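Structure record follows, encoded as structure tokens.
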Amino acid sequence: MPEPQPFAEALSSSPQLFARLLPTVFFEKYLALDPPIRPSLRSPKQFRPCSINTSALPNTFGSAVVRMGECIAVCGITGYIVDSAEVGPSSLYTNVDIVGRTGPPQPELMSMSEWMYETALATKLFNPVQLRIQGTTQTLVLQAQIQLLSQMYSGEVAWAALLASLAVTRIPKAIPSDDEETVTADFGTEPDIRFSRTESKKLELNYQSLPWCVSFGVMEDTGLVLADLEGRVEDASVQGRITIVTSAGTNSLQNLCVSAGKSVISKDHIRQCISLAKQRAAELDSILKSQIYHAYGNGW
Amino acid sequence: MTVLGPAQRSPATATTAFLYRVDGSASWTVGTAHIIVSVSGPMEVNKRDELPDIATLEIVVRPDVGVASTREQFLQDRIRRVVGPVIALELHPRTLIQIVVQIVQSGDTKTLNTIALSASINATYMALLDAGVPVRSTVSATSIVCYGTSSIQGGLTTGVLIDPTRPELEKIEKDITSVHTIAYELKGGQIERLLLSESVGTFTEDEVFECYDTAAKVCEETNGTMREAVTKSVQQKGGWRD
């Protein structure tokens, strides 16, 4: 074949440029193959590979780093003390940030942050009674700071990091001080609290199998279900979305968000996604369990 | 499992065309919720937000009390997901369609935002009609709250509230098992497809599908309410012909 002429070379574009300019067409070319495949070389129902590392951060009650495909989320759990009377509806506050971005948070990030807070509230991950400080009217409130190392707003990775870090969270024993006091909201006094460096208690979660978040896309013309969307191309080409929070081994769901865009999403699509989500939840449970066993041995 | 049917619910009322400096406006009242939406456009857009092939959609949600927080961003995102695909954005490229949602009374309790979302979706759609923005089909939304209380005798009573008022919600607040906000697309008064469904709590696949069916019936009724309001509004606007 003769060498391409300079003129022809300038007209032919690289696949990356094609993906930037016409993501929908680029995506459909891949899906039109037999069997259909995605640009990331995953099959439509294939999930991203996931790895979890727990207790990576110092100075936290619990932490985890979760990686799914190209998206990484780091979660650290800390806490602060409030008067029992002042505790709001939740004993767990979540905040999601993107690493390396300055300036005000993007609207997608704010709405993901709100989704996480509401889902954490509704799923009742743990009994807040465990956070009470004995002998005082004060209680601990947990704060989960989640950092995303990825440009895509991946709610399921952030949620996975939250679950994994709560699964290894240990609440240090609170020791009310004998001589120092602090003034409370109603102008009474309470003993100052300090935390033991040696004694701690594992946070008991309300779930044996954790409620993981799994997301899907539904194509507009073909109704094809795609598991675990990732990347700019898939995000631009697939408008129909189904996000499910569920745990393996039960038939109850904690969260189901369906947003059709221009696609037609039927009950069958949803049924299919729920059963795939339960399989994925079981897979993530075993990844987390084996990581905890590997790190802490059988005594956890 | 109890069979769900449209329970007693307060009717919704809608009024339109009462704001002067915008292209369209609507007010939607259902139960204790009251939302006002204004729509302006298609109009001039700054170069930074301009899109070459479709109109830019800007949605702003303002709360009833306090400053806008992540909650309003969440509502904005969900309203956009419902209303975005229904507006014929490609008919007005390089323009802006601006939607401002003012929550006058959210009708929710402190921890929920379902009533505000469903009422905002309905109000937004009415305002788009009033502004004459080209839309492909009708949209209507509803809120369904499922609760279950265990009585002392050991029995479990379950119930379902559709578009509840705030006092109704506060009464069963501790026993709420799941909350569903569902929006449908309709054509010619018939359900065409599901547009949005946000379900939170503890529920099974069957429960949520029953909620979808109940919501479909409710959305057809809401569509009827919208049709009456639009008919009245068109008669008023065309009054100069007489």
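Every chain is numbered from 1 and lettered A, B, ... according to where its sequence line falls, protein lines coming before strand lines. This one's a predicted model, so the numbers in the text were calculated from it and none came from an experiment.
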Atom pairs and distances, donor-acceptor, side-chain atoms in residues 78-104 of chain B, under 3.5 Å, two or more places apart:
| from | atom 1 | to | atom 2 | distance (Å) |
| --- | --- | --- | --- | --- |
| B:Arg78 | NE | B:Glu198 | OE2 | 2.4 |
| B:Arg78 | NH2 | B:Glu198 | OE2 | 3.4 |
| B:Arg80 | NH1 | B:Leu57 | O | 3.0 |
| B:Arg80 | NH2 | B:Leu57 | O | 3.0 |
| B:Arg81 | NE | B:Asp77 | OD2 | 3.2 |
| B:Arg81 | NH2 | B:Asp77 | OD2 | 3.1 |
| B:Glu90 | OE2 | B:Arg136 | NH1 | 3.0 |
| B:Thr95 | OG1 | B:His92 | O | 2.7 |
| B:Gln98 | NE2 | B:Glu58 | OE2 | 3.3 |
| B:Gln102 | NE2 | B:Pro63 | O | 3.2 |

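In the model, A:Asp97 has a side-chain atom that pairs as donor or acceptor with a side-chain atom of A:Gln145 under 3.5 Å.
Between chain B and the options A:Gly240, A:Ala122, A:Ser252, the largest number of non-hydrogen pairs under 4.5 Å is found for A:Ser252. Ranked by heavy-atom pairs under 4.5 Å with chain B, the list A:Glu118, A:Lys267, A:Glu108 is led by A:Lys267.
A donor-acceptor pair is defined here as one N or O able to donate and one able to accept, closer than 3.5 Å; no such pair exists between the side chain of A:Ser263 and the backbone of A:Ile265. Judged purely by atom type and a 3.5 angstrom limit, A:Glu114 uses its side chain to pair as donor or acceptor with the backbone of B:Arg71.
Both the backbone and the side chain of A:Leu256 come within less than 4.5 Å of a heavy atom in chain B. Of the two parts of A:Thr123, neither the backbone nor the side chain holds a non-hydrogen atom closer than 4.5 Å to a non-hydrogen atom of chain B. Using a 4.5 Å cut-off between heavy atoms, B:Val208 touches chain A through its side chain atoms alone. Residue contact with chain A, scored on non-hydrogen atoms closer than 4.5 Å, involves the side chain of B:Asn113 exclusively. Proximity to chain B is limited to the side chain of A:Leu121, based on heavy atoms less than 4.5 angstrom apart.
The stretch residues 31-47 of chain B places none of its residues near chain A, where near means some heavy atom under 4.5 Å from a heavy atom of that chain.
Using a 4.0 Å cut-off between a side-chain N of Lys or Arg and a carboxylate O of Asp or Glu, A:Asp235 and A:Arg241 qualify as a salt bridge.
Under the 6.0 Å cut-off for aromatic ring centres, B:His180 and B:Phe203 qualify, their centroids lying closer than that.
Using a 4.5 Å cut-off on side-chain heavy atoms (C-beta onward), A:Arg280 and A:Asp228 make contact.
Qualifying side-chain hydrogen bond (donor to acceptor under 3.5 Å, both in side chains) partners for B:Ser140, counting only residues two or more places apart in sequence or in other chains: none. The side-chain hydrogen bond (donor to acceptor under 3.5 Å, both in side chains) test applied to B:Arg193 returns B:Glu185, not counting sequence neighbours.
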